[in-house]
Amino acid sequence: MELSKNYLPTPIESKWYEHWISKNYFASKPDERESYTIVIPPPNVTGVLHMGHCLNNTIQDILIRRARMQGKNACWVPGTDHASIATEAKVVAMLREKGIAKSSLSREEFLQYAWEWKEKYGGIILQQLRKMGCSLDWDRTSFTMDPDYYDSVINVFIDLYKKGHIYRGKRMINWDVRAKTALSDEEVIYKEVQSKLYYVKYVLEGSTLANPLTEGKNGVDFITIATVRPETILGDSAICVNPNDERYKHLHGKHAYVPLLNRKIQIIPDEYVTLDFGTGALKVTPAHDMNDYQLGQKYNLEIIDTMNDDGTMSEAAQLYVGEERFAVRKKIVTDLEAANHIHKIEEYTNQVGFSERTDVVVEPRLSLQWWVSMKELATPALGAVMNDDIHFHPAKFKNLYRHWMENIKDWCISRQLWWGHRIPAWYAPDGSFAVARTAEEGLAQINSNSEKQWTLADIRQDDDCLDTWFSSWLWPFEVFKGLSDPGNKEVSYYYPTSTLVTAPEIIFFWVARMIMAGYEYKQEQPFRDVYFTGIVRDKQGRKMSKSLGNSPDLLGLIDQYGADAVRFGIMIASPAGNDILFDESALEQGRNFNNKLWNALKLVKMWESRIATNASASGTAGTTAAAKVPAEGQFALNWFKQRLNQVSAEVDTMLTQFRLSEALKTIYSLIWDDFCSWYLEWVKPGFEQPIDPVVYHKTVQYFEHLMQLLHPFMPFITEEIYHLLNEQTDDLCVKQYPAISPADTDVLASGELLKQVITALRDARNKNQIKPKETIRLHIQTNDQAAYQLIEAILMKQVNADSVQYTTATVANTIVVNIEKDKFYIEAEKQLDTAAIKAGLLKDLAYEQNFLASVMKKLSNEKFVQNAKPEVIALERKKQADAEARIQTIEESLKTV
RNA sequence: GGGAGCAUAGCUCAGUUGGUUUAGAGCAUCUGCCUUACAAGCAGAGGGUCCGCGGUUCGAACCCGUGUGCUCCCA
């Protein structure tokens, strides 16, 4: 079969993915094996694959494929999150493009559009994961609004309410006055705006003047306050000054009058106020500012809500009732000026929040919301992480987690949205309410506590939906129907899951809450290990995001480089918990690696047709010719086998410790450097020469083993090469790892020596400008001739020597190379540049002498000798002896030049 | 404003209880090779004030303090 010049990934990738699916390799059912379970962090149902998903899912696939190849029952559960805010925003935008306003639709009509949208676009991201090679069990695909899942979310709400963990409370929210809806913080966009800062005088209680504003003094008859929002004056409840502000110390606890209304309010001291902003005096409007609300809570101030939900003034404002807020701002300024309340007006630049959806200025507004009290739920969840029942990788996130959990705040779970799990609360016209699964149950509950008997027609369900995270915190058990079908075989088998792979920015939103839900509803932790990925950034260090448009098109990259190369590129430099700067050159490196593998395959396939037959036998491959294996082959075979043993053990350790990036680097180097650059060159027969059958078969076997090691990282090309190397009866995807054998360190040491000598001799050739094709004669002066005889054949081949001789004396007119205590003399036709050789030797000598000096400095330090561990001292003494021997060798060589 | 983290070669990163040959890798760079698997390659080489300052220690990239710069989360 003719193999293409370069590796062409696209057809091969789709071929193998279909094959794996047809063989059902990714499907898992409970059995007697140990389970290894990962639940996918469910991407937004409307999402498309971006670099963050790529990183995250590649890691999960590596873990799950490794587990599968270790003989575990690997189960990776796919699914999507309904993502209430994001999805609803998209549906609203889609409708707006069609000219349909959400407000013109009934809830049912809107939800119908939303479901249509979900059916149409909801599966895209899951399809894209297949392109990446993700080995998910597709039969288990879940959605946070599947019927059973939906019911479980509602039941959890009811249950927590019954247990007293859920309550109603006021909260300051971002309000969109045009859409008449609350906004999440993410939906508020801050823009720099040119505003005005109004300095408004408030008359102080106790001024004796008839016209305090015009005739009085600041701080005696009036107090001046700076504000950018004069229309909120009508809702003022207090004036606040910094307690250390000398200007106002005499006013603490005194009163002033709200302009135009003459309502009396108190002057309170609080550190919150900055001394040097405005006048140092702050008006406090608890109903219309986040920070003022906090102050209001702290000092128990009256909350006067002066605004309606459409941004017009309410009855509580007393003035301008029904008029629009910005019109009122102009009017009130005019009226304040007329009444001499305005001291001055300054230009002022500030950040103002705008609605992402309607682009109107967001209004902070108080509203009744549903809350989960977190303290009790947090306690077991904190303990589990701190005592390592749940391991964080890297562990540094434990600090962050502890701090947050120890200072946990209650969780506001209601969202003013239609797409999501509708809150199961029912309200009677008099404001009484009940939490219940159905209207009938709700009605019965309300009526049981009320003299008035309402009918079904009287009560209405809460319009709001639950926070998306209130459903996804159940994910690790509800994907196995752990709540809807408690104690079923699946949840008992797969739960607790093994590893969670996620981004650190959702450690509180999601990870912490899953742990809480796990203990609350399963009395058990949801997972054993949590692997935190980094954030993927662009080359300039910016977080990749849709709004910046700096996220590359992942499918385009897969088309261009191949999925394996993309997986390689994203993994090669991404240690757990560290951000990764995405650079397309890493993908190129991945593609080049694919190509390297492909070319190694081509070389081996070329040998296949040239396997030497046994000298006597004809026609049968010489499997019994082991004794005839050429010398270079014997050492190479043994050495590479030991390297495989060594690296298999290293990689296993690294993967167990979640050092995936390092494991990949180690395998990469084993394949590129040890296998291709050293081993294959060592066993490579001369041009058009036959290859020894033992060497050939062992090489194929090693190659297969390498593919198996690499498979979790780069599944497609490894499967392809595995099948091209040999007729196979199985697939690499499910091939079980062999037991790891210990490595022979003596053989490895010989290999290192051989590499060192080859490199040094090649360097000497280069520096002396001996052409690659020019042969040399090599003389070795050593006390350990046996060590070199073992590797002599390879050495000759690799440094293009046509003879090797052992000598006990200096060889004249040669280039001398010193390695440890041994000397190598290169005899070549080339005229020797003795000055250059001498300079090189002197440089080596200087290095060794400096090194020796640093060792001697330590050893001559009495305190070091007294205090350091014996093995450390022994090591230093060995360094000393080695360095002295090297210096002696170099000095001897210098004499002869 | 509160909290957490990061700073090592031009770039991206390793450096696993402080001692492993005066700090390692990949990419990039330089030199020489179109050698017969691979120029998306081969063989070599150069390149570092381990962010600054102070401390602990016989010994610090690593531990402690402090300053600077950057990032993330929460408000």
Side-chain angles (χ1 to χ4, degrees), chain A residues 3 5-7 185 271-272 274 290-291 294 394 396-404 407 409 503-509 534-535 537 539 541-543 561 565 572-575 577-583 585-586 588-607 653-654 657 659 661-662 665-666 668-669 672-673 676-677 680-681 684 686-688 758-760 762-767 769-773 798-800 847-855 857-858 861-869 871-873 875-876 878-880 882-883 886:
Chain A
L3 295 175
K5 182 174 186 301
N6 288 333
Y7 175 64
D185 292 343
E271 302 275 354
Y272 167 71
T274 20
M290 300 276 181
N291 297 311
Q294 307 282 336
K396 67 182 179 188
F397 287 112
K398 280 167 77 174
N399 283 339
L400 188 66
Y401 181 84
R402 183 182 59 211
H403 184 265
W404 194 77
N407 299 284
K409 297 198 176 73
E505 62 249 46
I506 55 173
I507 185 168
F508 310 127
F509 285 134
I535 295 166
R537 300 171 177 285
K539 265 179 116 170
R542 298 175 307 175
K543 187 171 172 176
Y561 294 98
I572 193 66
S574 67
N578 277 11
D579 292 357
I580 74 165
L581 264 74
F582 179 75
D583 186 345
S585 72
E588 266 176 54
Q589 196 188 343
R591 180 200 56 188
N592 295 353
F593 185 37
N594 274 336
N595 215 37
K596 187 72 182 174
L597 293 169
W598 190 247
N599 278 295
L601 171 73
K602 275 162 68 180
L603 178 67
V604 174
K605 292 313 279 183
M606 216 173 71
W607 294 346
T653 306
M654 287 173 187
Q657 297 172 355
R659 288 150 57 197
S661 194
E662 271 181 82
K665 274 182 201 163
T666 305
Y668 173 80
S669 170
W672 198 305
D673 302 328
C676 294
S677 296
L680 289 179
E681 294 297 335
K684 192 185 202 172
F687 184 49
E688 297 199 332
I758 292 170
T759 302
R762 281 171 173 171
D763 183 33
R765 289 186 57 125
N766 256 344
K767 288 212 168 106
Q769 297 174 315
I770 299 171
K771 290 260 179 289
K773 281 179 179 163
Q798 296 295 288
V799 300
N800 198 15
Y847 176 90
E848 294 297 345
Q849 282 169 336
N850 283 335
F851 175 67
L852 181 63
S854 78
V855 175
K857 195 178 155 196
K858 267 192 193 178
N861 182 339
E862 269 179 48
K863 285 182 175 172
F864 170 73
V865 180
Q866 280 166 16
N867 294 320
K869 282 180 274 183
E871 58 266 34
V872 173
I873 297 172
L875 188 70
E876 291 300 318
K878 184 176 185 307
K879 282 190 204 172
Q880 180 195 352
D882 290 352
R886 285 195 298 268

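Just so it is clear: chains get the letters A, B, ... in the order the sequence lines come, proteins before strands, and each one is counted from 1.
- Here, B/C27 and B/G46 have their C1' atoms 16 Å apart, quoted to the whole Å.
- Every residue was checked against the salt bridge (charged side-chain N to carboxylate O under 4.0 Å, His left out) condition with A/R591, not counting sequence neighbours, and none meets it.
- What separates CD of A/Q866 from C1' of B/C58 is a distance of 9 Å, to the nearest Å.
- Between the C1' atom of B/A4 and the CH2 atom of A/W404 lies a distance of 14 Å, rounded to the nearest Å.
- The ring pair (Phe, Tyr, Trp, His ring centres under 6.0 Å) test applied to A/W598 returns A/Y7, not counting sequence neighbours.
- For the pair A/N867 and A/S585, both in contact range of RNA chain B, the more 5′-proximal nearest nucleotide belongs to A/S585.
- Using a 4.0 Å cut-off between charged nitrogen and carboxylate oxygen, A/E876 and A/K879 count as a salt-bridge pair.
- If you take CD of A/Q657 and C1' of B/U17, they are 13 Å apart, rounded to a whole angstrom.
- A/Y401 meets the ring pair (Phe, Tyr, Trp, His ring centres under 6.0 Å) test with A/F392; sequence neighbours excluded.
- Here, B/C62 and B/G24 have their C1' atoms 15 Å apart, quoted to the whole Å.
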Nucleic acid footprint by protein, nucleotides 38-47 of chain B - heavy-atom cut-off 4.0 Å, B for base, S for sugar-phosphate alone:
BSBSSBSSS-
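- Between A/Y561 and A/N594 the shortest side-chain heavy-atom distance does not fall below 4.5 Å.
- Residue A/R659 is classed as a base contact, given a heavy-atom separation below 4.0 Å to a base.
- A/R765 approaches A/P772 most closely through the heavy-atom pair NH2-O, 3.4 Å.
- Under the salt bridge (charged side-chain N to carboxylate O under 4.0 Å, His left out) criterion, A/K398 pairs with A/D388, not counting sequence neighbours.
- In this entry the distance linking NZ of A/K869 with P of B/U57 reads 18 Å, nearest Å.
- Shown here for A/L3 and A/K605, the closest heavy-atom pair between the two residues is CD1-CG, 3.8 Å.
- At whole-Å resolution of the value, CG in A/N407 and C1' in B/C73 are 14 Å apart.
- When rounded to the nearest whole Å, the span between CZ of A/F397 and P of B/C72 equals 13 Å.
- At least one donor-acceptor pair closer than 3.5 Å links the side chain of A/T666 to the backbone N or O of A/E662.
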Using a 4.0 Å heavy-atom cut-off to protein, can you give one letter per nucleotide of nucleotides 20-26 of chain B, 5' to 3': B if the base is in contact, S if only the sugar-phosphate is, - if neither?
SBB---S
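- A/K878 is linked by a salt bridge (charged side-chain N to carboxylate O under 4.0 Å, His left out) to A/D882, counting only residues two or more places apart in sequence or in another chain.
- By the side chain to side chain donor-acceptor pair (under 3.5 Å) test, A/N6 is found to be paired with A/N595, residues two or more places apart in sequence or in another chain being considered.
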Protein-nucleotides 5-9 of chain B N/O pairs closer than 3.5 Å?
unit_1: B/G5; atom_1: OP1; unit_2: A/N399; atom_2: ND2; d: 3.0

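- Atom NZ of A/K863 and atom P of B/C58 are 6 Å apart (whole Å).
- Partners of A/Y668 according to the ring pair (Phe, Tyr, Trp, His ring centres under 6.0 Å) rule, which considers only residues two or more places apart in sequence or in another chain, are A/F568, A/F593, A/W672.
- The salt bridge (charged side-chain N to carboxylate O under 4.0 Å, His left out) test applied to A/K684 returns A/E681, not counting sequence neighbours.
- Along RNA chain B, the nucleotide nearest to A/E662 and the one nearest to A/P772 differ in position, and the one closer to the 5' end is contacted by A/E662.
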In dot-bracket form, 5' to 3', how is RNA chain B paired? Count Watson-Crick and G-U wobble pairs only if both distances fall under 3.5 Å, and write | where the partner sits on another strand.
(((((((..((((.....[....)))).(((((.......))))).....(((((..]....)))))))))))).
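- Proximity of a side-chain donor or acceptor of A/N407 to a complementary backbone N or O of A/H403 within less than 3.5 Å is detected.
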